[in-house]
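FYI, side chains are in, hydrogens and waters are out, and symmetry mates aren't considered; it's all heavy atoms of this structure.
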Amino acid sequence: MSLLKIQDLKVYFNARGKTVKANNGIDLEIRENEILGLIGETGCGKSILGRAIVGLLSDNVEIRGKIVYKNEDILDLSEDRLRKIRGKDIGIILQNPSAALNPVLSVGNQISEIYRYHENMGKKEARIRTAKMLEMVGIDPKRMHEYPHQFSGGMKQRVMIAMGLALNPGLLIADEPTKGLDPTTKDKIVDLICELVINRNMSLLLITHDLGVAEKMCDRVAVMYAGEIIEIATIENILSNPQHPYTQDLLNSRPKKGLKPTAGESPSLSSPPAGCKFHPRCRCVIGECPKTHPQMIETENGTSVRCFLYEDN
Amino acid sequence: MKKLNDIRNILKEAGNNRMAAIGGAIVILLVLIAILASLLSPHDPFEQKLENRLLNPCFEYPFGTDNLGRCIFSRLIFGTRYSLAIGVVVVGITASVGTTLGIVSGYSRGIIDETLMRIVDIVLAFPGIILALVIAGILGPSFLNVVIAISLTHWPAYTRLVRGITLSLREKEFIEGARALRASNIYIMRRHILPNCINPIIVLATLDIAHAIIFATGLSFLGLGIQPPTPEWGSMLKAGIPYFRISPHLTFFPGTAIMVTVMAFNFLGDGLRDMIDPKINEIILVSE
Amino acid sequence: MTLLSVENLKKYYYSGVFNKKEIRAVDGVDIEIKSGRTLGLVGGSGCGKTTVARTILRLVEPTDGSIVFDGRDITKLRGREMKNLGREMQIIFQNPETSLNPRMKIYDAILEPLTIHKLCSADEENEKIHRLIEIVNLNKELLFRYPHELSGGQLQRVVIARILSLNPKFIVADEATSMLDPLVQAQILNLMKDLQEKLGISYLFISHDMDVVEWMSDEIAVMDKGKIVDWK
Amino acid sequence: TPQEDSATNELVVAISTDVNNWYLDKFPGGDARFVWSQVYETLVRLDTDLNIVPGLAESWETPDDGKTWIFHLRDGVYFHNGAPFDANAVVFSYSDESYVKKMGALRSLDHIETIDENTVKFVLNRPMPLPFYLTHVAWPIMSPDCVDDNGDFVAPIGTGPFKFEKQTPDQEIVLIRNEDYRGDEPVLESVTFKVIPEASTRVMALETKEVDMIIKLPEYEVSRLENEADVNVYRKLTTFTDFLQFNCNNGVFNDKEIRKAVAYSINTEQMLNTVLEGIGTPAKGRPLSPVMMYSKPELDLYEYDVEKAREILSEAGWQDSDNDGILDKNGQPLKAKFIVGKDVWASRHVPMAEAIQGVLQNVGMDVDIQVLESGAITKLENEGQFDMILRSGYFVWGPYPRHFFVHQSFCPYSHYNNTEYDKLANAADSTADPEKQQQLYYDLQDMVLEELPAFYLVHEEKIIVANTYVKGYRITAEDPWLNLDGVYLEGKQ
Amino acid sequence: MLKYILKRIFLVFFVVIGVTIVTFSTMHFAPGDPAEVIAVARYGDDLTQEQIDWVRVTEGFDSPVYIQYLKWIKHVSRLDLGRSLVTSHDILEEITIRLPATFKLAVSSLVISLCIAIPAGIISAVRKNTIIDHLCMSAALLGVSIPNFWLGLLLIWLFSLTLHLFPSYGYGGCEHLVLPAITLGTSMAAITTRLTRSSMLDVLNQEYIVTAKAKGLDEKTIILRHALKNAMLPVITFAGLQLGFLLGGAVIVETIFAWPGIGKLLVDSIYARDFAMVQGCVLFIAVLFAFTNLIVDITYAFLDPRIRYEKT
Ligand SMILES: Nc1ncnc2c1ncn2[C@@H]1O[C@H](COP(=O)(O)OP(=O)(O)OP(=O)(O)O)[C@@H](O)[C@H]1O
Ligand SMILES: Nc1ncnc2c1ncn2[C@@H]1O[C@H](COP(=O)(O)OP(=O)(O)OP(=O)(O)O)[C@@H](O)[C@H]1O
Ligand SMILES: [Mg+2]
Ligand SMILES: [Mg+2]
């Protein structure tokens, strides 16, 4: 069952006279109770996609397409309705917890205000709920009166998770929840999110560029390159049988596979190469590649890939 | 060629930023007026025609005449020189001294930094105009002393700003990289730190020119500014005050000139800030 | 042959005005690196890896211990000798975006070490720079851009190019690739390995990522709380 | 009748500076003298036309042509604290402690004797017209109770028509009616002096009727206010004359002819009519205001004559050889450093100085104006670092021409050395015979005009402006006085 | 936080010492013989060399500078600022008499400026690039550009003379306060508006505002709860500096409106070359300023948890 369906989403920024096509025709479906990974290199538009889903992009941006959540197109919603959906139906954990937590409000306050605002709870009740949430993410509830700067990076990340989960949303978007954490903390956070998401029957869109994390957590993975989804498959398929040359290179660049290098640099989003956006770096360019922009093609095992190599299949 | 492109880009940006464009245009105009003062002014700014005193604006005297029958228009035109000179000289002195101290302070840290910052604290403990007032009061009023008085109160703003930038730059790897290359400290300050402070300094300096002009006006009001018959706007305004009931043009034109100039520099400074680096906060305005 | 040998290296930081607090960032570290080999240094965040690197390069003064480089004790070097040391040991930092002066064009950035050490005349400079960027596989179109116009991988190459101009024997790479994407990381690490083979450079390779370190290094030292706790 | 209106009989007068001294050991600076003149009285007084009249002394005589003076004091006069006024108070007021004795004009006072309760004898070192000296508001009679046993000042206690009530620094001084005043009891219940430093604010406060009367109105406001229906402008020629003093000791003005050239180039009449809005009388070099005693009616004054000025200069060898508009001689340009004070007392001086600069520029003299406070002026003066100073009324009060001391060589302000002049001035001051004295002063005036230690510009006119509901005011010629005798308010809202 | 406060207090102490040195030396190294200057101030017109010498001896100008400083500082530390050279009045007393007037003016200007500036700044930031933003910013720019003595006179002319709404000068009830406070408050309000706006804009661009939006909070809550406190931190710091503006600007405003405050006392003393009084005033103002900033810093520490909970 699909919980969220994104159709041909385009997000264009207007930056200093140039159009940055941060998302350029995204089609994506998040099913109920699934963990969908979104991987791809820095700046390919993952976070933008995550924010677009919750309607959190600034005003100077042009958005087209459809984001249908439970039969409502988020892009058509009034600000009021959107506000109700945010937090309550769709939660988001932003990328950098140090910046995403308000430095002058206590951690407890920042969580409990969600209850107070959305559920009109009294102070006391909200505090009890907050304590529960904190306990759940492994933070001593006694510390709810402390301020973000008194917490370590991992703890801040936990607070962000508690905040995202506070109202039991149907969909949680987690933007690189493990970035910048040391391996032990990282493992703990991964386990925590998995456990909570599974226990609560929710869906998770996990944005990351850490394949290890994706492997541990995800059911399916979407691979993004230069503002497009280029491959969607189950995690097993991605790891064992990557189809798109980019995905293959990505896997081969891991130390385990001998750190095999790929030539070239990631393309700019304001003037991407014509045709397939990966073709300048691709090992197996064929005639079509530089000219025509490839479409998503279904291959075996429900894998979709945007590559001419699979056209005939 | 590349340079030309840079300049073209800046101009293009300036075109997009209406405020900066207006401010810049007025400033350029003022500079031209100051340079071409003797060509533009219809009369000798010092020439008195007592029989023509307190004339209202008319064809011969576009802005009228003052209490000694001097052409206000010509005096304003020549006054541009003094006001701009005060702004530019003060800012030239304060920016270079303040910046040097700021870089040295932030880069060397330790005892030098402590000492310099304490000196800054001490200077800042005196409200600017009061310190300037006392200095001008002691030294006596003259162009030079006005410049000294304002400069002595204004340099800490640069030192603080530049020190802050320097401290954050110090944390940057490229500075450490230069140290690993064993570049000398002076080389690092000059080639790496200074160029990275320039933009905010330019913004601060532009706003500061406006501030210095207003500041000098205040000193003129208190009789400690540039002295008559010098056609400095502040002292013209002050000298016109007694007549502001019967001949308001004596105050109106110098007052407006001051306002327009100060606004132009503020426009330009604001615009430059938006253009160059929106992150430099308004805080730098608080150079008082 | 041993290129660098560090013994009992200590670096203590002091903080606080009223009650002085001692932070033992590095607390008695012994390291040995052979010519043309790579030593990997791993450890949790804040265990003192960066401090070790910075003290070895004398970017910070060690509290105690000896650093013998190429047969000389460099802990007490000053002036000219210190300056010449800059040609022999160099460092690559973690964050490519801040590793280059944002107000300096790439060309000038690469030229900088040569000017500081007065290693080339004006007419050679162009040729030399082109040779350098060829080694690190950079496009010469990038030479007249500013750092913010380059990607992280390209920047890290520029950093390597400018370091190479000095022909160093020893390079510290402090998490040099941890900010990069996997594809680019692979590029850079391969480049570093190539250079080692061609030029016989020794590395002190610092990283969080055990897998990467294993791939890069001949030996691995594991640090914890300022001490070496394991040596593989 | 005025008395019925007593509810509003509270006069508010705006002055420019506060009274920061009430005691006789210091000179009351700024506008303090207007306030002093309500609280304190002098032995001898002047009427509104500068005629000498009895004050606290009923009569006086000098048995020896001016070396000894005997004053007969008025009986039945009481100080504000109820203590009787007597000879002791006079001795107290001119003790060695007092400013006038220590620093001022009475340095040649040897001692004072009390003959009886109501008679005092002043013994001088040399003959002097003492009664004139004793008219000065700044050295009045104070009660010995003004100070406590330790000699510390307690309160201003005088015999004047108004008593000190309270003072709020930099704001106001409130005086109330002295019910036991020796003369006609004042109609006014109280007089409040408001301190308003800025001239424009003072004028606007008068127009909004926040104050009833303002003193020292700037000249430029006069013509406008004279046309306003609900204010009265009172004007009278004073004892003060503005003068341009030269540094005759060194520099260009060492040469009398150059000083003359300056005198011929300045059109005092035009300056008066323009810069001073026609307020005052052009002096054309006349050192004494016509209201002054011994002011010589027929004098050989300087009539404006630029050509003559140019002639004198070129005869003296000044030529414009480089055509820059400035004359030069032996390669030295004709330059003069011109000092102007910025006292509230003479706000007109700055524009006057600028006007002078303009006309001198016209004959080829480069004048550099410096507007300074008195302290800075004193410094430059002592060092001889100036060529001209614009001044007003030094050693001037009352009708007596003591002013001539200013050009005596021993006077710190003189910058002029002429033994003949010194002798003449001394002789004039020490001569008791009025006719002889007059002749000596006439000679002095001729000499000043001929020698030009200073060029006298304008005789100052005093201006007082009051709202029309202020009745019964009569302006006095002498400047520091504020004559509130007979003033009352009628119909103030 | 204790450490922070202790450090601040230590700094203020240090600054105060520095301030005394600066004040002392400006007066003592002023051109001209101080004894002569004092003698002129004291005895005015006729002056003899003996009088100057007498002043030199009695005022201690013949001893070495550091002794003079130490002597002076000893008095100052006992709150004895000496006596005026002109009037012989006790300096501290003269200052404290005028303190209420300056205080009243400063506080009301501050209140006026903050009451206008903070809402205006917030609105301009929230409604960036709208008409209201442009209006506020233009007004603010006008406010900083107009010489305030001219503004003062225009206000008197308009409100007292033409409209008869407020008195034109003087010290007294609230009605007296209006015009001077507006004159003094205007430029400050202008600067504060700009500061508030840019600080608010800065805060609104922070990630935690996005977080707040992501929680589904409404605009009002986001601005008042999440943005305001952060945005106010630099404004509070500035409020301390504003006092400097106020004390400085007061010099001019007090002169125009005949407001009997410290600023006017200072200007008068400068004119009268009453260096002891100038010294006293400047020292007083600087110390007052330093202590206000200390209070502001401490308030800041309470408001900013990053400092409040700093480990000691
Ligand atoms: N406000 C904006 N204006 C212009 N361009 C923007 C803006 N925000 C983001 N971008 C651009 O959009 C692109 C996508 O950004 P996004 O943050 O989604 O990347 P990402 O995939 O999340 O990268 P990372 O892995 O580093 O988080 C980037 O190239 C970025 O420069
Ligand atoms: N300049 C300094 N002053 C005080 N303490 C310092 C300083 N530099 C480093 N430290 C402390 O020394 C310890 C070691 O720091 P170091 O940067 O060497 O760790 P690291 O192993 O490189 O960590 P990371 O993996 O996060 O880079 C840390 O506790 C750090 O707080
Ligand atoms: Mg991202
Ligand atoms: Mg490190």
Side-chain angles (χ1 to χ4, degrees), chain B residues 19 117-119 121-140 210-211 213-215 217-218 220-224 233-234 237-238 240-241 244-245 248 251-252 254-255 258-267 270 273 278-283 285-286 288, chain E residues 11 14-19 21-23 26-27 30-31 137 141-142 144-150 153-154 157 161 187 191 194-199 201-202 234 237-238 241-249 251-252 255-256 263 266-267 270-271 273 275 278 281-282 285-287 289-290 293:
Chain B
M19 279 196 345
M117 288 333 284
R118 292 301 78 79
I119 292 174
D121 283 341
I122 291 167
V123 175
L124 287 179
F126 297 94
I129 189 134
I130 287 189
L131 195 55
L133 198 68
V134 172
I135 295 168
I138 288 174
L139 298 180
H211 196 244
I213 292 174
I214 274 280
F215 211 83
T217 315
S220 287
F221 171 75
L222 294 170
L224 295 168
W233 293 343
L237 182 56
K238 152 95 173 160
I241 281 179
F244 103 104
R245 302 282 300 287
T251 43
F252 178 79
I258 293 169
M259 264 170 54
V260 168
T261 309
V262 170
M263 273 209 241
F265 278 104
N266 272 317
F267 265 141
D270 282 356
R273 176 179 43 221
K279 280 196 209 80
I280 319 170
N281 233 327
E282 195 85 7
I283 296 171
L285 245 187
V286 188
E288 185 61 355
Chain E
L11 277 186
F14 186 89
V15 165
V16 166
I17 301 259
V19 161
I21 295 176
V22 172
T23 330
T26 25
M27 299 311 153
M137 283 303 105
L141 205 52
L142 209 67
V144 287
S145 307
I146 187 163
N148 61 1
F149 57 95
W150 193 35
L153 285 170
L154 292 174
W157 174 75
L161 212 60
S187 64
I191 298 173
R194 287 161 57 115
L195 177 67
T196 309
R197 176 178 182 268
S198 75
S199 163
L201 280 179
D202 199 39
T237 317
F238 179 61
L241 289 172
Q242 272 190 334
L243 187 88
F245 272 131
L246 288 166
L247 292 173
V251 174
I252 291 169
T255 306
I256 296 171
L266 174 67
V267 177
I270 290 177
Y271 291 155
R273 302 233 128 193
F275 284 125
V278 172
C281 288
V282 171
I285 290 172
V287 170
F289 190 30
N293 275 318

statement: Turns out that what part of B:Ile214 lies under 4.5 Å from chain E's heavy atoms comes down to side chain

message: Taking side chain as everything from C-beta outward and backbone as N, CA, C, O, which of these in B:Ala125 sits under 4.5 Å from a heavy atom of chain E? Side chain, backbone, both or neither.
response: both

Does any heavy atom of chain B fall under 4.5 Å from the side chain of [X], the backbone, both, or neither of them?
X        : value
E:Val144 : both
E:Val278 : side chain
E:Ile17  : neither
E:Ile21  : neither
E:Ile270 : side chain
E:Leu153 : both

Could you tell me which of [options] has the largest number of non-hydrogen atom pairs under 4.5 Å with chain B?
options                               : answer
E:Val16, E:Leu246, E:Leu142, E:Asn148 : E:Leu142
E:Leu141, E:Asn293, E:Leu266          : E:Leu141
E:Leu154, E:Leu161, E:Val287          : E:Leu161

- request: Check step by step if side-chain contact (heavy atoms from CB on, under 4.5 Å) holds for E:Phe149 and B:Ile241.
  value: CA-CA 9 Å; E:Phe149 57 95; B:Ile241 281 179; 3.5 Å; yes

message: If you count heavy-atom pairs within less than 4.5 Å of chain E, which of B:Ile135, B:Val134, B:Leu237 leads?
response: B:Leu237

task: From the options B:Val262, B:Thr217, B:Thr251, select the one residue that forms a side-chain contact (heavy atoms from CB on, under 4.5 Å) with E:Pro147.
output: B:Thr217

- request: Could you check if a side-chain atom of B:Asp270 sits within less than 4.5 angstrom of a side-chain atom of E:Arg194, using non-hydrogen atoms only?
  value: yes

query: Does the side chain of E:Ile256 reach to within under 4.5 Å of the side chain of B:Phe221, using non-hydrogen atoms?
result: yes

Give the minimum heavy-atom separation between [X] and [Y], together with the two atoms involved.
X        : Y        : answer
E:Phe289 : B:Leu124 : CE2-O, 3.1 Å
E:Ser145 : B:Met263 : OG-CG, 3.0 Å
B:Ile122 : E:Gly18  : CD1-CA, 3.4 Å

- request: Any chance you could lay out the side-chain contact (heavy atoms from CB on, under 4.5 Å) test for B:Arg118 and E:Val15, step after step, and finish with the verdict?
  value: CA-CA 7 Å; B:Arg118 292 301 78 79; E:Val15 165; 5.6 Å; no

